[in-house]
Protein chains: 2
Amino acid sequence: MSLPIRDELKNVSPYGAPQIDVPVKLNTNENPYSPPAALVEAIAKNVAAIAGGLNRYQDRDALHLRESLAGYVLRDTGVSVSREQIWAANGSNEIMLQILQAFGGPGRKALTFSPTYSMYGEYARDTNTEFVAVARREDFSLDAELIVSALSIHRPHVVFLASPNNPTGTAMSLDVLDSVLKAAQNTIIVVDEAYAEFRREGVDSAITRVAKYPNLVVTRTMSKAFALAGVRLGYLISSTEMVDAVQLVRLPYHLSSVTQVVANTALGFASELQKDLDQIRSSRDEFVVWAAQSGFETIQSDANFVLLGQFSDRHAAWQALVDRGVLVREVGPDHWLRITIGTASEMEILKKALLEVKGL
Amino acid sequence: MSLPIRDELKNVSPYGAPQIDVPVKLNTNENPYSPPAALVEAIAKNVAAIAGGLNRYQDRDALHLRESLAGYVLRDTGVSVSREQIWAANGSNEIMLQILQAFGGPGRKALTFSPTYSMYGEYARDTNTEFVAVARREDFSLDAELIVSALSIHRPHVVFLASPNNPTGTAMSLDVLDSVLKAAQNTIIVVDEAYAEFRREGVDSAITRVAKYPNLVVTRTMSKAFALAGVRLGYLISSTEMVDAVQLVRLPYHLSSVTQVVANTALGFASELQKDLDQIRSSRDEFVVWAAQSGFETIQSDANFVLLGQFSDRHAAWQALVDRGVLVREVGPDHWLRITIGTASEMEILKKALLEVKGL
C-alpha cells in the first residue's frame, strides 16, 4: 500500500548535504572551532540548574533569551532593539517557515534570486507558497534595478535576500537594500544574515534599517558565529508587528527550556568567541588570495565559505577531493564548488589537494 | 503600517494556556514530580560530554534516539518496532504539523471529534488544510458507527483521534479503532497517545495495530510520562512509509543535538519514573471517587487530568479556585473544568477549594 501523500512530494528526496566520513569536512559551513572549555562548563552547569524543573513547561515566549539577543545585536551592530522586536526559533529555518506561514501560503508568492540557499524553495513548497527564483547577475551580484524590476514583474508577498549569500559568499550593499525597501513597502523583505558575523570591515548589517521599515525582517543564527550548529537557535530582528504575526503561527512551546538556556549561556561568551571569527575571516581572505594566485577563480566572500572554480567536471573534482580526504559541497552554479573555511591545518590539506585536482 | 498577514490570521490570538502565578498549578497537564536527582545528574553529564562538539551539526536523522524510543515502546506496549518506524520532533505538535504538511494542505481535509485538543484546528489552519470537527456522543465517547459515518460523509485525508482524549480523559477502545481502520484504509488515522502511559489496566495502546495498518500513526510525547515538558520531545510510531513521508517535509536538522541527548538519557530512567506514574494514576482514581462522593460529576479518566463539573457559571468557579490559589483550565465543554492531577498535598488543597466553590 502506498500512502496518500501530496502530489508535489512524490519523487522528492529529503534535503540534506551528503555526509561522508573523511578527515577534513568543509561541506556544511560549520565553524571549525569547538566551543571553548569555559563555555562547555557553563552550559553543563546551567543545564543542570534547570533540569530539576523540566517537568514544567518553559517560558513560552523566551523573554529572557530575546532580551539577551537584543543585547548581542546592540554590541554587534550598534543598533538598539527591544526584545519585542526579536523572535527566536529552532534554527533560522523554523523562522523562515513561520514567516511564510504568516505571509505566504496558497495564493501568495515568494521570490528569491538564484543561485542562493536552496531551502527557500522548500520552505515555500512546505507552506504551499508559489515560488519564483530570478537569476542574479553573471557575477552573482544583486543590484537595485534587478530586484526592483523583479518585484514589479512578479509582485511577490515575501522576498528572500541572503546576504552574505549562500553559496556565493557575496554580501549585498545597503544602498541596494535601501532602494528595494523604498520600492516595496507592502512586501515582506527577508534579509538572511546567517553568515553576517563573518562580513568584512565596512559591510553593514541590514539590522540598521529595521527601525525605519516594519516590513523588513533580518534573520540570524547561532549555528555559525557562535559555533552552535547542534543547538538550533535562529532568530529574527524586525518590527514588533512582525513578531506579533509570527507568534500567531508558532507552535506553542516551540523552543525548549534547554535550548533557551544553552543559547543564553553562549551569548555571554560572544567576546571570547570573537577571536575564532577573526581567525576564520583572515584564513578566508588568505585563501581567496592563494586561490587566485594558484589559478582558480573565486568570488570575494563575506561568509565563512568561498565559492571556488572553475572545474570543467565539477563532480570529478569533488570526488577527487573526497579521495584526498577533503569533503566540500557540490552545490550552486555549475563548474564551482563551495568550500567552508576550516582550521589552519585543514586549509593546508585542502590547498595541497586542490593543486592536485586543478586540471579537472 | 500594518503588515500583509494572511486573512485567516487577522483577529487571531496566539494559542496558550493563561498563566497566573498561584501556589497550585493544575492547568497544563504537567507531571507534578520533578525529574529525579540521578536523572538531573545524568542529563548534566551527558550534555557536558557533547557540548564540545556543538559547532558541528548533529545526527540529522536522530538514529540513536529513535533506536532508544523503539526499545521503550517495546517495554511499554510489548510491540516490537524498528527505529525506521519511529520519527521524533520538537514536541508532538511538530509531529502533527509534519503529518499535515505531507498529507493535508490545500484541497485536503482533516477531521476530528470534539470536544478534543484544540490545537488540531490550529495545525490544520497553519497548513491550509480544511478542518471539520464532529461532535462526540453526549458522554464524550466515540464509537465505530459515529466515526465511520463521519468518514463517509466528510471523506477526510487525515483523522485525529486523541486517546486518552484531552480534555475529557476518555480512552477509545481498540475495537472501535479496528472498525475505523478497516473502513478507512486510504485515510491517515492519527491516534494521539500523549497521555497513554496514564491509562488504566486493561486499556491497550493503538501501537498494537501499527504492524497491520501502514496508514495508522500513533503519536506520543515525553512531556508527560517522562516529566520533560520543557524538553519538547514528541514522536510517532507508524509504518516505514509514513516515516519516509514526514522526512520529506521536516526542516533539516530540526531536532537539536542537546534535545536528542537529553531525551535519550531520560529513556534510560523509564523504570525509575514508573513510581511517579503509579502515584499519579492512583491519585486520579482516588480523586474521581472523592469527586463523585462530594457531589461533582466526573468522567472516568485514563489520563493525568480529570474533567469535573458541572458548574452553572464555569468562569466564576475557575476564578473562585484561582482566588484560593488553585489554577485549573477553563477549556472544553461548558460547565466543566479540566483539572490536572498534582501531588498529594496539591490534591488536598484542591479538594478543600472545590468544596468551597461547589455551589457556583
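All values below come from the heavy atoms of this structure, side chains included, with hydrogens, waters and symmetry mates left out. Labels below follow one simple rule: chain letters A, B, ... track the order of the sequence lines, proteins then strands, and each chain is numbered from 1. Not measured: the values here are computed from a predicted model.
- Atom-to-atom distance recorded for A:N90:CG and B:L251:CG is 9.0 Å, nearest 0.5 angstrom.
- A:M119 and B:P252 make their closest contact through CE-CD, 3.4 Å (heavy atoms, listed as atom of the first residue, atom of the second, distance).
- Ranking B:A266, B:P106, B:G104 against chain A, the residue ahead of the rest is B:P106, based on heavy-atom pairs under 4.5 Å.
- Top candidate by heavy-atom pairs under 4.5 Å with chain A, chosen from B:G53, B:S13, B:A245, B:P32, is B:P32.
- Note: B:A229 leads B:A51, B:G52, B:A229 in heavy-atom pairs under 4.5 Å with chain A.
- By the 4.5 Å heavy-atom criterion applied to side chains, B:S2 and A:E241 are not counted as neighbours.
- Heavy atoms closer than 4.5 Å to chain A are found in the side chain of B:S239, but not in its backbone.
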Worked check of side chain to side chain contact (heavy atoms under 4.5 Å, CB included) between B:T259 and A:V258: CA-CA 8 Å; B:T259 301; A:V258 182; 5.9 Å; no
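- Looking only at heavy-atom pairs under 4.5 Å with chain B, the residue among A:S223, A:G107, A:S256 that has the most is A:S256.
- Contacts between residues 39-48 of chain B and chain A, counted as heavy-atom pairs separated by less than 4.5 Å, involve B:V40, B:I43, B:A44, B:V47, B:A48.
- If you measure heavy-atom distances from B:N93 to chain A, the contacts under 4.5 Å come from both the backbone and the side chain.
- Note that CZ of A:R250 and CD of B:E122 are 8.0 Å apart. Values are rounded to the nearest 0.5 Å.
- Rounding to the nearest 0.5 Å gives a distance of 10.5 Å between CZ of B:R232 and OG of A:S257.
- In this structure, the portions of B:T28 lying under 4.5 Å from any heavy atom of chain A include both its backbone and its side chain.
- Heavy-atom pairs under 4.5 Å with chain A peak, among B:D59, B:I50, B:L228, at B:L228.
- To the nearest 0.5 Å, atom CD of residue B:Q101 and atom CD1 of residue A:I5 are 11.0 Å apart.
- Taken to the nearest 0.5 Å, the CG atom of B:D276 stands 9.5 Å off from the CG atom of A:N55.
- Interface remark: of the candidates A:K25, A:Q247, A:R125, A:R60, A:R60 forms the most heavy-atom pairs closer than 4.5 Å to chain B.
- With chain A as partner, the option from B:L248, B:L255, B:N31 having the largest number of non-hydrogen pairs under 4.5 angstrom is B:L248.
- Proximity to chain A is absent for every atom of B:M222, based on heavy atoms less than 4.5 angstrom apart.
- Looking only at heavy-atom pairs under 4.5 Å with chain A, the residue among B:H157, B:R108, B:M242 that has the most is B:R108.
- Contacts of A:M96 with chain B are absent, with no heavy-atom separation under 4.5 Å from either backbone or side chain.
- Residue contact with chain B, scored on non-hydrogen atoms closer than 4.5 Å, involves the side chain of A:L97 exclusively.
- Contact of B:D126 with chain A is made through backbone and side chain together, with heavy-atom distances under 4.5 Å.
- The ring pair (Phe, Tyr, Trp, His ring centres under 6.0 Å) pairs that include a residue from residues 30-61 of chain A are A:Y57-A:Y253, where partners are two or more places apart or lie in different chains.
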